[in-house]
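Since the structure comes first, as structure tokens, the remarks are kept for the end.
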2 protein chains.
Amino acid sequence: MGAATTRAHIVEAADRLFYRQGYEHTSFAAIAEAVHISRGNFYYHFKSKDDILSAVIAARLESRRRMLERWEAEETDPADRIRRFVEIVVTNRADIQRYGCPVGTLTTELAKLGHPALDDAGGLFTLFRAWLREQFTQLGHPAQADALAMHVLAFSQGVATLAHAFRDEDFIHREVQRMHEWLSAYSAGALSAAPGDGAQADA
Amino acid sequence: MGAATTRAHIVEAADRLFYRQGYEHTSFAAIAEAVHISRGNFYYHFKSKDDILSAVIAARLESRRRMLERWEAEETDPADRIRRFVEIVVTNRADIQRYGCPVGTLTTELAKLGHPALDDAGGLFTLFRAWLREQFTQLGHPAQADALAMHVLAFSQGVATLAHAFRDEDFIHREVQRMHEWLSAYSAGALSAAPGDGAQADA
DNA sequence: GGCATATTAGGACAGGCGTCCTAAACGATG
DNA sequence: CATCGTTTAGGACGCCTGTCCTAATATGCC
């Protein structure tokens, strides 16, 4: 088995453990046990625990980037793309109820630790934010695109956090439906831009 | 200085440190240093670290309970009470941008640690949820009260998480205004109850 | 003032952590 | 088969953690 394969296995196991148990709470021994290699052997592939974290973040970034690119290929309507993003909390509802949002929880933890990799992890949020902004721009709301993108992100984070805390699956479906209804006002495309974003969607 | 005073100081310092650095990341030495007592002396007041965590959670519960009781005394209109709840993210915007939501981040961390005190910490969410539910019931939406309460909670968590990640204060104000506009549809009181909560507020 | 109690300080202890080192096993190549 | 670089195992190291113990100090009551 090549070193690249082992390295990928380590990143994969670390990714899962960091997500489920948190970064700090996951020990080297735990990762080693998951990959079935010895602890000492670790430092042949990674020179420190922070190094593994960087690799995990890079892998997540790459994974999400590919996912968004796939969506761009599969959905031609930007409104459908946004809907698909909103549906994430439904698609991943099992994991979200058990472990929360992989992006939000990691970012929060690294912030509390004062970890230098926080900026890298923040790139995940930035990736989604920029992608959503682009979709809203294509929908014909360039001026409010960023605010709308942030609103959708906040929706996802809020739903994930509470679905995690209460293990409430019905709540997820309710909020997703509410969000779809809210979005329909924008994807209709016949709305005039009004000052104070969101006002025209609620009125 | 009495033992009760010292105990209160310990809880106060631990509360702040748990909030800013996280529970696991906060060591006994750090708390001791903050309170200016020796590490060993700790176990005269608390028999374990988990014991301090329980005391901190109990203190937060009591603090929030008193806050909500105060609001009930100061605001007679349940709509105003809900507005005040929504304004929390503005009132505490400085801390939220720096450390996130005290309730959400603690709950998430304890869940990842598999800590037994998670249920106690979840009581904070339950406290707010029940209080909001009561306010929406008084507003005349008893059937949807719980779903509406959860929606407001999700709003707070989503805003707090993203305001924390991006350190974006304008975003907080935008989302709060959007929420106020959404709420105005309910506090108007002239709406007929429709199946699928939220639909009548968006249409 | 003397005494019992309440409170404190400081170090000892075992265990787990991330890190590092060294030697052995492996696999491909001549 | 021999030899090389690659990959591995396993343990040692120092550090920090939560916990506990004991002796010293402060406090309040007769």
Side-chain angles (χ1 to χ4, degrees), chain A residues 1-58 106 109-110 112-118 120-121, chain B residues 1-58 106 109-110 112-118 120-121:
Chain A
M1 190 166 56
T5 315
T6 304
R7 204 188 130 99
H9 285 166
I10 292 176
V11 172
E12 191 181 354
D15 191 336
R16 186 169 50 247
L17 287 170
F18 289 172
Y19 177 36
R20 300 188 176 183
Q21 314 185 8
Y23 170 69
E24 189 177 28
H25 192 60
T26 300
S27 70
F28 258 61
I31 306 176
E33 191 183 10
V35 194
H36 297 102
I37 67 171
S38 72
R39 268 165 302 136
N41 184 22
F42 246 110
Y43 285 76
Y44 176 76
H45 300 279
F46 297 93
K47 70 175 193 294
S48 71
K49 193 182 177 186
D50 292 0
D51 213 37
I52 298 185
L53 176 61
S54 294
V56 167
I57 292 175
L106 179 65
E109 180 184 2
L110 294 183
K112 301 236 176 211
L113 300 185
H115 198 286
L118 171 62
D120 298 340
Chain B
M1 189 165 60
T5 315
T6 303
R7 206 188 129 98
H9 284 166
I10 292 176
V11 172
E12 191 181 355
D15 192 336
R16 186 170 50 247
L17 287 170
F18 289 171
Y19 177 35
R20 300 188 176 184
Q21 315 186 7
Y23 171 69
E24 190 177 28
H25 192 59
T26 299
S27 70
F28 258 61
I31 306 176
E33 191 183 10
V35 194
H36 298 102
I37 66 172
S38 71
R39 265 166 303 136
N41 184 23
F42 246 111
Y43 285 75
Y44 177 78
H45 301 278
F46 297 93
K47 71 176 193 293
S48 72
K49 194 182 177 184
D50 292 0
D51 214 36
I52 298 185
L53 176 61
S54 294
V56 166
I57 292 175
L106 180 65
E109 180 183 1
L110 294 183
K112 301 236 176 210
L113 301 185
H115 198 286
L118 171 62
D120 298 339

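Here the structure is a predicted model, which is why all the values come from computation and not from measurement. Chain naming here is simple, since letters A, B, ... match the order of the sequence lines and numbering starts at 1 in each.
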| So how far is it from B:Y44 OH to B:T6 OG1, rounded to the nearest 0.5 Å? | 9.5 Å

| Separation of atom OH in A:Y23 from atom P in C:dC17, rounded to whole Å | 14 Å

| remark: Rounded to the nearest 0.5 Å, the CG atom of B:L118 sits from the CD atom of B:E109 at a distance of 11.0 Å

| Residue-phosphate contact under 4.0 Å: B:T6 side-chain N/O, C:dT8 OP1/OP2 | yes

| Rounded to the Å, how far apart are B:R39 CZ and D:dC16 P? | 11 Å

| field | 5' precedence on DNA chain C between A:H25 and A:G40 (nearest-nucleotide basis) | value | A:H25

| Do the side chains of A:V35 and A:N41 get nearer than 4.5 Å, heavy atoms only? | no

| Between P of D:dA9 and NE2 of A:H36, the distance in whole Å | 11 Å

| query | Looking at D:dT19, C:dT19, D:dA9, which one has an atom nearest to any side-chain atom of A:I37? | reply | D:dA9

| Does A:Y43 put a side-chain nitrogen or oxygen below 4.0 Å from OP1 or OP2 of C:dT19? | yes

| Roughly how many Å is it from CG in A:N41 to P in D:dG11, rounded to a whole number? | 15 Å

| Just how far, in rounded Å, is C1' of D:dT8 from CZ of A:F42? | 13 Å

| message | Can you tell me if A:S27 touches the phosphate of C:dC17, counting only side-chain N or O atoms and a distance under 4.0 Å to OP1 or OP2? | response | yes

| said: Nearest to the side chain of B:S38, heavy atoms from C-beta on, is which of C:dA9, D:dT8, D:dA9? | reply: C:dA9

| said: Starting the side chain at C-beta, find the nucleotide from D:dT19, C:dG10, C:dG18 nearest to A:K49. | reply: C:dG18

| query | Which listed nucleotide (D:dT19, C:dC20, C:dA6) is nearest to the side chain of B:F28? | reply | D:dT19

| request: Provide, to the nearest angstrom, the distance between the NE2 atom belonging to B:H9 and the P atom belonging to C:dT7. | output: 14 Å

| field | Integer-rounded Å distance: D:dT6 C1' and A:R7 CZ | value | 16 Å

| message | Without decimals, in angstroms, what is the distance between A:D51 CG and C:dT19 P? | response | 10 Å

| query | Between the two end axes of the helix from C:dG1-D:dC30 to C:dG30-D:dC1, each built from 5 base pairs, what angle do you get to the nearest 10°? | reply | 10°

| message | Under 6.0 Å between ring centres: does that hold for B:Y43 and B:F28? | response | yes

| message | Can you identify which nucleotide, out of D:dT8, C:dT8, C:dA9, has its nearest atom closest to the A:Y44 side chain? | response | D:dT8

| message | Apply side chain to side chain contact (heavy atoms under 4.5 Å, CB included) to residues B:D51 and B:S48 and explain how you reach the verdict. | response | CA-CA 5 Å; B:D51 214 36; B:S48 72; 3.6 Å; yes

| field | Flag side-chain contact, heavy atom, 4.5 Å: A:L53 against A:H115 | value | yes

Donor-acceptor pairs under 3.5 Å, side chain of residues 14-23 of chain A to any protein atom, not counting sequence neighbours: which ones?
from, atom 1, to, atom 2, distance (Å)
A:D15, OD1, A:R60, NE, 2.9
A:D15, OD1, A:R60, NH2, 2.9
A:Y19, OH, A:D95, O, 3.3
A:Y19, OH, A:G100, O, 2.6
A:Y23, OH, A:D50, OD1, 2.8

